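The next block holds one structure in the form of structure tokens; read it before the comments.
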Amino acid sequence: MEESPRPVCTFLIPVVRDSDRRPHPPLVWRLLQDALLRTFGALTGPEPVLYYRKPDAVPGAWRPEEGEEPVEDLSRKYTVAVPAHRVDELRALLRRAGNSFDQRVMYLEVGGYAEFLEVRPEDGFLEV
């Protein structure tokens, strides 16, 4: 059975926490992968998370608030193709991931359009 085209969704997870700039525990990376597989059945990347001791990372920078100094981050990049009617599920999952990874904002690109998802405590966390 042929499926209709799905928007390609790409998102970044910085390799360190916002609050103390320390690396994330391995368990949180596993929770993210498990949540993506459980919810959407597939994902791409980042291969280095599973297979290499020193994962490749995507460099970038962002300014938390107007007037604040830019923060340089290295991030792991993930790609998942989801049915258009389920993109909101991905947004919700990434907000939970943002809390679990101690991030204030999550970068998501849907079909070539960038979104910055504000993360709030009431969005919850990733679960086992």
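Side-chain atoms are counted along with the backbone in the values below, which use heavy atoms only and exclude waters and symmetry mates. Along the sequence shown, residues are numbered consecutively beginning with 1. Keep in mind that this is a model prediction, so the values were computed, not measured.
R91 has a carboxylate O that lies under 4.0 Å from a charged side-chain N of E115, or vice versa, which qualifies the two as a salt bridge.
L36 contributes atom CG, which lies 7.0 Å from atom CG of L90 (distance to the nearest 0.5 angstrom). Taking CG of L31 as the start and CZ of R96 as the end, the distance is 11.5 Å to the nearest 0.5 Å. Rounding to the nearest 0.5 Å places CZ of R30 at 13.0 Å from CG of L126. Atom-to-atom distance recorded for T79:OG1 and F11:CZ is 8.0 Å, nearest 0.5 angstrom. Within the model, atoms CG of D18 and CZ of R104 stand 6.0 Å from one another, a figure rounded to the nearest 0.5 Å. Atom-to-atom distance recorded for L32:CG and L27:CG is 11.5 Å, nearest 0.5 angstrom.
Qualifying ring-ring contact (aromatic ring centres under 6.0 Å, His included) partners for F40, counting only residues two or more places apart in sequence or in other chains: none.
In this structure, P23 and R17 approach most closely via the heavy-atom pair O-CD, 4.4 Å. In this structure, P14 and S75 approach most closely via the heavy-atom pair CA-OG, 3.4 Å. Here the shortest heavy-atom pairing between G98 and V119 reads C-CG1, 3.7 Å. Here the closest non-hydrogen pair linking P7 and A84 is CD-N, 3.7 Å. When all heavy atoms of L12 and M106 are compared, the closest pair comes out as O-CE, 4.0 Å. The two residues G124 and N99 come nearest to each other via the heavy atoms O-ND2, 2.7 Å.
Q103 places a side-chain N or O within 3.5 Å of a backbone atom of V16 that can act as its donor or acceptor partner. A distance-only check finds a donor-acceptor pair linking the side chain of R86 to the backbone of T39 [under 3.5 Å].
Residues L117 and V8 do not share a hydrophobic cluster, defined by chaining ILVMFWY side chains whose heavy atoms lie under 4.5 Å apart. A single hydrophobic cluster is not seen to contain both L37 and F125; linkage of ILVMFWY side chains at heavy-atom distances under 4.5 Å, directly or through other members, places them apart. Y113 is not connected to V105 by any chain of hydrophobic side-chain contacts under 4.5 Å among Ile, Leu, Val, Met, Phe, Trp and Tyr, and they are in different clusters.
Open room surrounds CD on E127; 12 or fewer heavy atoms of other groups in view lie less than 6.0 Å from it. The number of heavy atoms from other shown groups lying within 6.0 Å of CZ (R22) does not exceed 12.
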Worked check of side chain to side chain contact (heavy atoms under 4.5 Å, CB included) between K77 and T10: CA-CA 7 Å; K77 183 177 180 179; T10 302; 3.2 Å; yes

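Taking the six-membered ring where the residue is Trp, W29 and H24 present perpendicular rings, their angle passing 60° and hence far from 30°.
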